[in-house]
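Residue numbers start at 1 and run along the sequence shown.
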Amino acid sequence: MKKLIFKITLLILWGGILSTVDASDKIRYFQSPTVKLEQDKVVFHLVDFQEDLGIDTLFQFQSKEGFPTAYYRHIQSNVCFEGKCRMLVVTLYWNITGRYLGFELPKGEFLSKTDHEPFVPQEYERLHTLLADSLSPLGTIAYEALVPKVSSDSQKVDAISSPTAPDVLEYIIKGAAYTTYKLWHFVYGITQSEVQQKTLSVLTPSLLLQILDSPDLGDRIWALNHATPYFNENPLITSKVLSLIHEDAYNLSETAIRVLPLTDETVQKGLTEVFLKSNYAIQKLIINKLRRMQSLTPSTVYALASSLSSLSGELVNNVLALFQKNQVEEVEIETMVAKLLNHKNSFIADKAYQFLVKQKHKSADTEQQIKVYLAKNQSQK
């Protein structure tokens with residue numbers, strides 16, 4: 001247990017992509033975890049990973065509150081091709097969201113390349129970076145495609161040491177293509193799904209909020225995609241999700257807007273506030289979200305109408321369509337829209353006209369502005 005606590009203490013101190021050789025001469029490379037890797041106990045789960053290892057143990061670090069803080073597996077597998085094999089011995093770590101966290105080698109172990117040449121530190125660092133790439137083409141490349149085919153009449157080449165196919169060199173360690181490939185597939189195979197399911201089985205609003213605070217974009221998107229059942233349990237989740245909508249992070253913003261509940265007036269108020277200070281792309285997402293809501297609050301309608309003069313033509317059209325859907329008839333809103341009849345952008349002026357003529361009860365002032373608009377446009381034709 002002392003060794004385990006020592007290990008966890010090291011992990012707490014590591015942030016970003018860091019490496020070390022500790023007092024036990026273990027090579028370690030880790031990224032920052034979502035939550036501090038404090039642990040009260042280690043829980044193990046027997047899982048059929050449907051790999052060459054068959055049923056294996058997935059270890060889970062737990063905090064004193066019973067929350068998972070990380071997962072790991074001891075990998076002991078052959079890296080083989082055409083009868084040539086090497087033994088791969090490594091411990092892989094996953095964040096609680098299933099994100100790759102890092103790896104460590106047992107005392108005295110090292111990764112090797114062709115002819116058992118050990119990795120140098122730069123190659124460990126590169127391997128760590130490659131394993132962190134969840135979108136790597138290694139996910140679609142066949143194991144047998146890592147080296148070029150050797151013609152039957154040529155001299156037989158050792159498949160372990162033969163040249164790597166040129167189109168995969170960017171995604172592997174030179175001289176260790178199969179090791180890179182196999183580790184990547186261990187990271188993103190069934191283990192990742194098992195990790196995510198085990199975290200989801202104990203996910204709480206408190207833990208969800210911690211994940212939403214993660215510095216890692218993938219962690220936050222993962223949390224957003226699983227936030228729906230928890231909005232009613234903790235109002236802090238709604239405010240946290242709203243705070244993630246930012247014009248410099250479109251994918252995160254799109255996910256945050258998509259998962260927000262449709263029936264919460266707090267959400268509508270928050271989205272309106274974000275709309276007023278966002279760029280075109282985010283504003284368009286918010287209008288589309290508001291269109292899905294059953295009704296608009298008066299404050300939302302007023303705020304959107306007040307912003308019309310600063311919006312692009314497409315957004316003006318979208319806002320006015322939103323008003324029509326919600327049968328907005330307030331005189332104050334009508335007056336704001338009527339001001340657009342004099343807009344220098346003829347498209348916007350025309351959209352305002354089309355909106356106003358469909359209003360059932362127009363003020364005398366609006367009727368007069370419409371007549372002026374029509375007369376002006378007829379004289380210009």
Side-chain angles (χ1 to χ4, degrees), residues 238-262 264-377 380:
T238 297
S239 59
K240 181 61 185 178
V241 172
L242 285 166
S243 74
L244 295 179
I245 304 172
H246 194 276
E247 60 187 39
D248 292 332
Y250 181 84
N251 288 342
L252 184 67
S253 299
E254 186 278 330
T255 307
I257 293 169
R258 174 172 53 80
V259 303
L260 283 165
L262 295 169
D264 191 336
E265 288 192 5
T266 302
V267 169
Q268 193 172 133
K269 180 176 183 295
L271 284 175
T272 305
E273 291 173 354
V274 174
F275 178 90
L276 297 175
K277 58 185 180 182
S278 295
N279 62 14
Y280 162 80
I282 302 302
Q283 287 177 327
K284 189 173 180 180
L285 290 173
I286 291 173
I287 292 299
N288 289 338
K289 181 73 173 185
L290 293 174
R291 282 182 64 84
R292 296 178 58 206
M293 294 185 171
Q294 193 169 24
S295 62
L296 298 179
T297 65
S299 60
T300 295
V301 172
Y302 182 84
L304 292 177
S306 300
S307 71
L308 283 170
S309 61
S310 65
L311 300 180
S312 68
E314 183 181 5
L315 283 174
V316 168
N317 182 49
N318 292 349
V319 170
L320 294 180
L322 182 63
F323 287 172
Q324 286 182 331
K325 174 181 178 292
N326 287 270
Q327 300 180 344
V328 173
E329 295 279 352
E330 288 83 353
V331 173
E332 189 175 12
I333 305 304
E334 177 188 299
T335 301
M336 293 181 185
V337 175
K339 291 180 180 179
L340 297 179
L341 292 171
N342 296 316
H343 202 285
K344 60 182 180 181
N345 185 322
S346 60
F347 175 83
I348 291 176
D350 183 59
K351 290 301 176 182
Y353 166 75
Q354 292 179 34
F355 173 82
L356 292 170
V357 295
K358 293 178 181 177
Q359 294 291 92
K360 294 179 180 178
H361 306 289
K362 292 182 279 292
S363 68
D365 187 47
T366 298
E367 294 279 14
Q368 179 60 32
Q369 290 183 72
I370 290 174
K371 290 180 181 179
V372 172
Y373 171 78
L374 288 174
K376 178 182 176 182
N377 280 271
Q380 292 176 350

Side chains of [X] and [Y] in contact at under 4.5 Å (non-hydrogen atoms):
X    : Y    : answer
L252 : H246 : no
I287 : L304 : yes
M293 : Q268 : yes

Looking at every non-hydrogen atom in both residues, tell me the closest pair between L356 and A338 and how far apart they are.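 Minimum heavy-atom contact is CD1-CA, 3.7 Å.
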
Work out which heavy atom in V274 is nearest to a heavy atom in L242; give both atom names and the distance.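 What the structure gives for the nearest pair is CG2-O, 4.3 Å.
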
Check: [Y] main-chain N/O paired with [X] side-chain donor or acceptor under 3.5 Å:
X    : Y    : value
K289 : R258 : yes
N377 : Y373 : yes
Q283 : K277 : no
T366 : K362 : no
T300 : L296 : no
N326 : L322 : yes
N288 : R291 : no

Starting at [atom1] of [X], measure out to [atom2] of [Y] and round the result to the nearest 0.5 Å.
X    : Y    : atom1 : atom2 : result
M336 : S306 : CE    : OG    : 3.5 Å
I286 : L271 : CD1   : CG    : 5.5 Å
S295 : L262 : OG    : CG    : 11.0 Å
L311 : N345 : CG    : CG    : 11.5 Å
Q324 : Q354 : CD    : CD    : 8.5 Å
Q359 : E334 : CD    : CD    : 6.0 Å

Would you kindly say whether Y302 and E330 are connected by a side-chain donor-acceptor distance under 3.5 Å?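 Result is no, nothing qualifies.
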
Working for side-chain contact (heavy atoms from CB on, under 4.5 Å), residues S253 and E247: CA-CA 7 Å; S253 299; E247 60 187 39; over 6 Å; no

Could you walk me through whether I245 and L285 pass the side-chain contact (heavy atoms from CB on, under 4.5 Å) check? CA-CA 10 Å; I245 304 172; L285 290 173; over 6 Å; no

Given side chain to side chain donor-acceptor pair (under 3.5 Å), test D365 with S363 step by step and report yes or no. CA-CA 5 Å; D365 187 47; S363 68; 5.3 Å; no

Can you tell me if CZ on F355 sees more than 12 non-hydrogen neighbours from other groups inside 6.0 Å?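 Check passes, neighbour count above 12.
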
Check the surroundings of atom NZ in K339: do more than 12 heavy atoms from other residues, nucleotides or ligands lie under 6.0 Å from it?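 Counting neighbours around NZ of K339, 12 or fewer heavy atoms of other residues, nucleotides or ligands fall under 6.0 Å, so no.
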
Check ion pair K269-E273 (N to O, under 4.0 angstrom):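 Answer for the salt bridge query: yes.
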
Which residue in the set L341, L320, N317, L340 passes side-chain contact (heavy atoms from CB on, under 4.5 Å) when paired with I348?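 Option passing the side-chain contact (heavy atoms from CB on, under 4.5 Å) with I348: L340.
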
Apply side-chain contact (heavy atoms from CB on, under 4.5 Å) to the pair F275 and I282, showing each step before the final yes or no. CA-CA 7 Å; F275 178 90; I282 302 302; over 6 Å; no

